[in-house]
Amino acid sequence: MDQHYNFSKIEKKWQNYWEENNTFKTTEDKNKEKYYLLEMFPYPSGKLHMGHVRNYSIGDVISRYMTMRGKNVLHPMGWDSFGLPAENAAIKNHVHPNIWTWKNIEEMRQQLKMLGLSYDWDREIATCHPDYYKWMQWIFIQFFNKGLAYKKKNPVNWCPSCQTVLANEQVVDGCCERCHTLVGKKELEQWYLKITEYADRLLKELDLLEGWPEKVKIMQRNWIGKSEGAEVDFKIAGSDKTLCVFTTRPDTLFGVTYMVLAPEHPYVKELVSEECSKDVEEFLDKLQYMSEIERTSTTLEKEGVFIGSYAINPLTGKEVPIYIANYVLMDYGTGAIMAVPAHDQRDFEFAKKYNLDIVPVVDPGDPEIDLYNLKEAFEADGTMINSGTFNGMNSRKAIKDITAYLEEKGLGKAAVNYRLRDWLISRQRYWGTPIPMLHCEKCGWVPEKIENLPVLLPTDVEFTGKGESPLTTSKSFKKALCPKCGGEATRETDTMDTFLDSSWYYLRYTDAQNKDEVWDKEKAKYWMPVDQYIGGVEHAILHLLYARFFNKFLYDLGYSPCIEPFTNLLTQGMVLKDGAKMSKSKGNVVSPEEIIKKYGADTARLFILFASPPEKELEWSDTGVEGSYRFLSRVYRLVHELSDTIKDATDSYVVETSQDRELNYVLNTTIKKVTDDLGNRFNFNTAISAIMVLVNELYRYKSESVLNKGLLRHAIKCLILILSPFTPHICEEMWQHIGHDSTLYHERWPEYDEAALVRDETEIAIQINGKVKERIMVTSGLSKDEFLEEALQNETVKALLDGKNVIKIIPVPDKLLNIVVK
RNA sequence: GCGGUUGUGGCGGAAUAGGCAGACGCGCACGGUUGAGGGCCGUGUCCGAGAGGGUAAGGGUUCAAGUCCCUUCAACCGCACCA
């Protein structure tokens, strides 16, 4: 052991040791309790950023801790390696995405290894590898065979810059999630996955996820957006058509005074009267020129036009006019609504503007509200009025009764609507998994035969960055034979959204190298579910919802053993510098490489874990990093200086002096605290601060004239062990130095001694009316009565009580004594 | 607009089930070691001379409130005409 803390030498040495000795290799072991720890795998941009370092440092601490607790830990790593940047690089620099991506993977793997992370690299996967995407295609075909993958022509979100379609989830504020370009609409035939089929389970089974942050569950609930209500059929006057609407308020059916269609509704063209056609066309024209955000903005004034037809209220038989308006959306419900201006604020505003009738049907029973001269819509519950036989009924009950009545008369039915849409998965891109489908004139869409998988990405393609998928430029790819009839067929040239690749990788890790099947079900059964998943909140909706969906589908097929894939979820906070997210444009990026070079990986890890609790934002601080480095040097020096003293000490020792007792007390409370913070709370910052307290105490103890070598040796051993999950390299080095010849990775986590946690005497506060006046020492661990008795004997307490009118004394053993006086 | 999170020294943060606010670290100041600097070691560091005051602001419950309840404000995040 060098005299000074030579981190670069130490870190290289132990990284090599771990690699050569396969220290982190994991296999199924039925005799041990498994623990599956997963951090979200990165996109291989080529450069690690601080967010990665934080994510993987958190994971590594948990992984190493769980291993020391005797768990069989699965801790894998891989690459989410399909995606746009590779293709953009190809267009810009004329490098093939494959070459670009694999070079990045190499570089990033090196950087990850430099952090000393305990991954089982034998399980490494890359989604762009044919061995992986073969099974992606296989899964897609399972979806297709179950009727859950289908192709449909629809107006879709189109990013003019990326030249590809986007899922609804990938449109943020009307802009492309990736490049922030304004997204438009385009009519295209695309592949969809029927995630809506699973909407109810995705919603309900969130309740099983007790180990997830409430915030994430709420976001998913809102995203799925379940509404219960009814579908009601309105006949159209002078036509044999019926107009179906969805409403959550069937109780207000008697208050319908007009109907509204979304401008894109197919009925518009058919129902528009001649007199109105000019107005309607002008209105549609106007909307054409509006962007998606403008059109759907809540602040936009509600506008519309009458189309010249009338619908018949199924309960009253009354005719009401049909409008089209900008506030009704084609892609929710049926794209048409019944308008009840008295009880819906949007309808109210529209009715006011166009002088439409406002008929109240729910009475709030509030004298302040003038029902026939409403200032705003009344949306709450009340008593039914103007509603025929339902009058006098509570509106809550009327929802049920009117729905039942509609069902009975065949005029409508109870219905549930979701905000969640089916998942559009086709992308007009090269660097993704080819959709393994062929189109045959005779047989329609046919999946590729399983034995022919993978459908490989062709290499003879051009990257123009424009229009259709680059796969169409391949000479060999498109033309193929129909797997069903053997006739001529055309291959699908679109590729899959990369979110599909990351929706099942956690299952593949359980049997990552399997060539014959997607994974061995027995292995998946041993490892799944993931016990702890760690990643950024930015994946709260997209990735986590898709992954849950895939897992449920695979569960239904018998391939996943669990209903939910991730038992516990930790969403780590962002890394900030000067109060803002690190970004090139702001010029506040601190590169991990630079920090590792200057201070070492252990310091980087320690700082990141110490500066903030994991779910919170972390403010980067250069001086803070130096502090962490200083601490590690201090620990290193301590062990170095004491190594001679403790070398030949025995493992048994007796705690004798009061100094011994103090050290023993601090040691054991520290072990308890760190155990608790790591095992139950993931509060790494307070765990580290506790270890710092122990180190301070050891420095103090070291300066004593008489040292208890056995105790000291034990304390140093424990210190190294409890610090090792945070900073493994330096701890391995010190562990070796105090006389061990193999890795501490498989050492058992130290136990604490309950008896040592109690000091003979405890300092307590004496309060008068809740204000601290004095502090005294009393015997520890007394009962309330004993404590009170002893405290009252105390001279200081007696003096404080003297001459006072004491009302009450509240004893809190080992904490305080509150004297209430008047 | 709806939903959520957060608010504590000069700074990052601690206080886990209502019981001594400010652990631990950074910064700063002073002292020691040193030719000097750095490094290291030690001491101090919420405000106030003091009584006392103090956890975004105001109110409440309690013997006791950063923690519980009500009102307000600010910052951040998510969704947003969802019928």
Side-chain angles (χ1 to χ4, degrees), chain A residues 4 172-173 213-223 225-227 229 245-249 252 260 262 293 295-302 325-329 331-340 343-347 349-350 417-420 537-538 540-541 574 576 579 606-607 610-613 615-628 630-631 633-634 637 673 676-677 680-681 683 685-693 695-696 699 703 763-775 807-821:
Chain A
H4 296 289
V172 178
D173 294 330
E214 207 50 44
K215 176 194 163 93
V216 173
K217 289 194 275 186
I218 289 167
M219 279 164 75
Q220 292 216 351
R221 267 183 212 117
N222 292 341
W223 191 264
K226 182 178 180 172
S227 297
V245 300
F246 174 73
T247 178
T248 54
R249 295 292 303 274
T252 62
V260 189
I293 353 169
R295 240 213 75 181
T296 57
S297 148
T298 41
T299 52
L300 186 73
E301 198 187 341
K302 287 162 190 42
N326 57 1
Y327 75 99
V328 174
L329 310 169
D331 61 1
Y332 185 78
T334 63
I337 62 155
M338 57 179 228
V340 187
H343 304 293
D344 181 285
Q345 187 57 25
R346 294 157 299 176
D347 297 343
E349 285 166 30
F350 192 84
N417 234 291
Y418 296 95
R419 212 193 71 109
L420 185 72
V537 231
E538 64 272 20
I541 300 172
M574 279 195 304
L576 308 179
L606 186 71
F607 168 71
F610 177 58
S612 181
E615 343 42 55
K616 276 190 72 176
E617 291 176 337
L618 181 149
E619 176 70 32
W620 188 265
S621 152
D622 292 330
T623 51
V625 177
E626 282 190 45
S628 292
R630 202 149 47 218
F631 171 71
S633 306
R634 198 167 137 82
R637 235 181 300 119
K673 168 94 180 136
D676 193 38
D677 280 350
N680 303 331
R681 309 201 303 161
N683 280 8
N685 54 335
T686 51
I688 292 167
S689 77
I691 297 174
M692 288 171 168
V693 172
V695 171
N696 291 343
Y699 264 93
S703 67
E763 188 185 65
I764 63 141
I766 307 298
Q767 297 180 333
I768 303 261
N769 293 339
K771 302 256 175 278
V772 179
K773 294 291 177 185
E774 299 282 353
R775 289 161 205 283
I807 311 269
K808 206 195 248 181
I809 301 182
I810 293 127
V812 185
D814 297 329
K815 295 232 164 83
L816 54 80
L817 187 77
N818 191 12
I819 301 160
V820 186
V821 301

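What you see is a predicted model; the values in this text were computed from it and never measured. Chain naming here is simple, since letters A, B, ... match the order of the sequence lines and numbering starts at 1 in each.
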Watson-Crick/G-U partner (both atom distances under 3.5 Å) of A74(B): U6(B)
Watson-Crick or G-U wobble mate for G39(B), both contacts under 3.5 Å: U33(B)
Please round to the nearest 0.5 Å and tell me the distance separating atom CD1 of I688(A) and atom CG of L606(A). 4.5 Å
Can you tell me how far C1' in G7(B) sits from the matching atom in G22(B), rounded to whole Å? 16 Å
Suppose we define a pair by two distances each less than 3.5 Å, Watson-Crick or G-U wobble; what does C79(B) pair with here? G1(B)
Do the side chain of D347(A) and the main chain of V340(A) share a donor and acceptor less than 3.5 angstrom apart? yes
G78(B) to A17(B) separation - P atoms, rounded to the nearest Å: 29 Å
Using a heavy-atom cut-off of under 4.0 Å over every strand shown, decide if V537(A) touches base, sugar-phosphate, or nothing. nothing
Who pairs with G44(B) - Watson-Crick or G-U, where each distance is under 3.5 Å: C28(B)
Using the P atom as the point on both nucleotides, what is the distance between C68(B) and U5(B), in whole Å? 12 Å
In whole Å, what is the span from the CD1 atom of I337(A) to the C1' atom of A83(B)? 6 Å
Is a donor-acceptor contact shorter than 3.5 angstrom present between the side chain of N818(A) and the base of C63(B)? yes
Heavy atoms only, 4.0 Å cut-off, all strands: where does I218(A) land among base, sugar-phosphate and nothing? sugar-phosphate
From the options A15(B), C82(B), A21(B), select the nucleotide whose nearest atom is closest to the side chain of N683(A). A15(B)
Report yes if some heavy atom in the side chain of Y327(A) is under 4.5 Å from a heavy atom in the side chain of E349(A); otherwise report no. no
Between T247(A) and I337(A), is the side chain to side chain contact (heavy atoms under 4.5 Å, CB included) condition met? List the steps. CA-CA 7 Å; T247(A) 178; I337(A) 62 155; over 6 Å; no
Does the base of U16(B) carry an N or O that pairs as donor and acceptor with the side chain of K673(A) under 3.5 Å? yes
Would you say that N769(A) contacts V820(A) through its side chain, given a criterion of any heavy-atom pair below 4.5 Å between the two side chains? yes
Integer angstrom distance from the C1' of A36(B) to that of U55(B): 45 Å
Hey, could you give me the CD1/NZ distance between I810(A) and K815(A), rounded to the nearest 0.5 Å? 15.0 Å
Candidate nucleotides C81(B), G52(B), G3(B), ranked by approach to the side chain of K773(A) - the nearest: G52(B)
Could you work out the separation of A56(B) and G13(B) based on their P atoms and round it to a whole Å? 15 Å
Check nucleotides 44-47 of chain B for protein N or O atoms closer than 3.5 Å to its own N or O atoms and list the pairs.
none

Using a 4.0 Å heavy-atom cut-off, does V812(A) contact any base of the nucleic acid, only the sugar-phosphate backbone, or nothing at all? base
Heavy-atom protein contacts under 4.0 Å, nucleotides 22-31 of chain B, coded B base, S sugar-phosphate only, - none: -BBSSS----
Verify the contact: side-chain N or O of K215(A) to OP1 or OP2 of C79(B), cut-off strictly under 4.0 Å; return yes or no. no
Among the candidates A83(B), C63(B), C41(B), find the nucleotide nearest to the side-chain atoms of T247(A). A83(B)
I would like to know whether I819(A) and K773(A) meet side chain to side chain contact (heavy atoms under 4.5 Å, CB included); could you show each step before the answer? CA-CA 10 Å; I819(A) 301 160; K773(A) 294 291 177 185; over 6 Å; no
Please state how far atom CD in E617(A) lies from atom P in C77(B), giving the value in whole angstrom units. 9 Å
Rounded to the nearest Å, what distance is computed from the CZ atom of residue R221(A) to the C1' atom of nucleotide A80(B)? 19 Å
Could you pick out which residue, A611(A) or V328(A), lies toward the 5' side of RNA chain B when each is mapped onto its nearest nucleotide? A611(A)
Rounded to the nearest Å, what distance is computed from the CD1 atom of residue I764(A) to the C1' atom of nucleotide C63(B)? 15 Å
Could you give the CD-to-P distance, from E214(A) to G4(B), as a whole number of Å? 10 Å
Any side-chain to backbone donor/acceptor pair from Y699(A) onto R634(A)? Under 3.5 Å, distance only. yes
Is the backbone N or O of D677(A) less than 3.5 Å from a side-chain atom of N683(A), with the two atoms forming a donor-acceptor pair by type? no
Please report the distance separating the C1' of G66(B) from the corresponding atom of A15(B), rounded so that it comes out in whole Å. 9 Å
When rounded to whole Å, the NZ to C1' distance for the pair K771(A) and G53(B) reads 9 Å
Does R419(A) have a side-chain nitrogen or oxygen under 4.0 Å from the phosphate oxygens OP1 or OP2 of A83(B)? no
Both V772(A) and I810(A) contact RNA chain B. Which one's nearest nucleotide lies toward the 5' end? V772(A)
Describe, in one word, how the ring planes of F607(A) and W620(A) are oriented to each other, choosing from parallel (under 30°), tilted (30 to 60°) and perpendicular (over 60°). perpendicular
Does the C81(B) base have a donor-acceptor partner in the side chain of K302(A) within less than 3.5 Å? yes
So what's G22(B) paired with, Watson-Crick or G-U wobble, going by both distances under 3.5 Å? none
Using a 90° cut-off around 0 for syn, call G9(B) syn or anti. syn
In whole angstroms, how far is the C1' atom of A75(B) from the NZ atom of K616(A)? 13 Å
With rounding to whole Å, what would you report as the distance between A64(B) and G18(B) at their C1' atoms? 8 Å
Pairing check on A64(B): which nucleotide meets the Watson-Crick or G-U wobble criteria with it, both distances under 3.5 Å? none
Provide the distance between the two C1' atoms, one in U62(B) and one in U67(B), to the nearest whole Å. 13 Å
From K302(A) NZ over to F350(A) CZ, what is the distance, rounded to the nearest 0.5 angstrom? 10.0 Å
Donor-acceptor contact present, side-chain N326(A) to main-chain E301(A), <3.5 Å: yes
Establish, with yes or no, whether the OP1 or OP2 oxygen of C63(B) is under 4.0 angstrom from a side-chain nitrogen or oxygen of K808(A). yes
Hey, what do you get for CZ (R419(A)) to CH2 (W223(A)), rounding to the nearest 0.5 Å? 4.5 Å
To the nearest Å, give me how far apart CG (L816(A)) and P (A21(B)) are. 9 Å
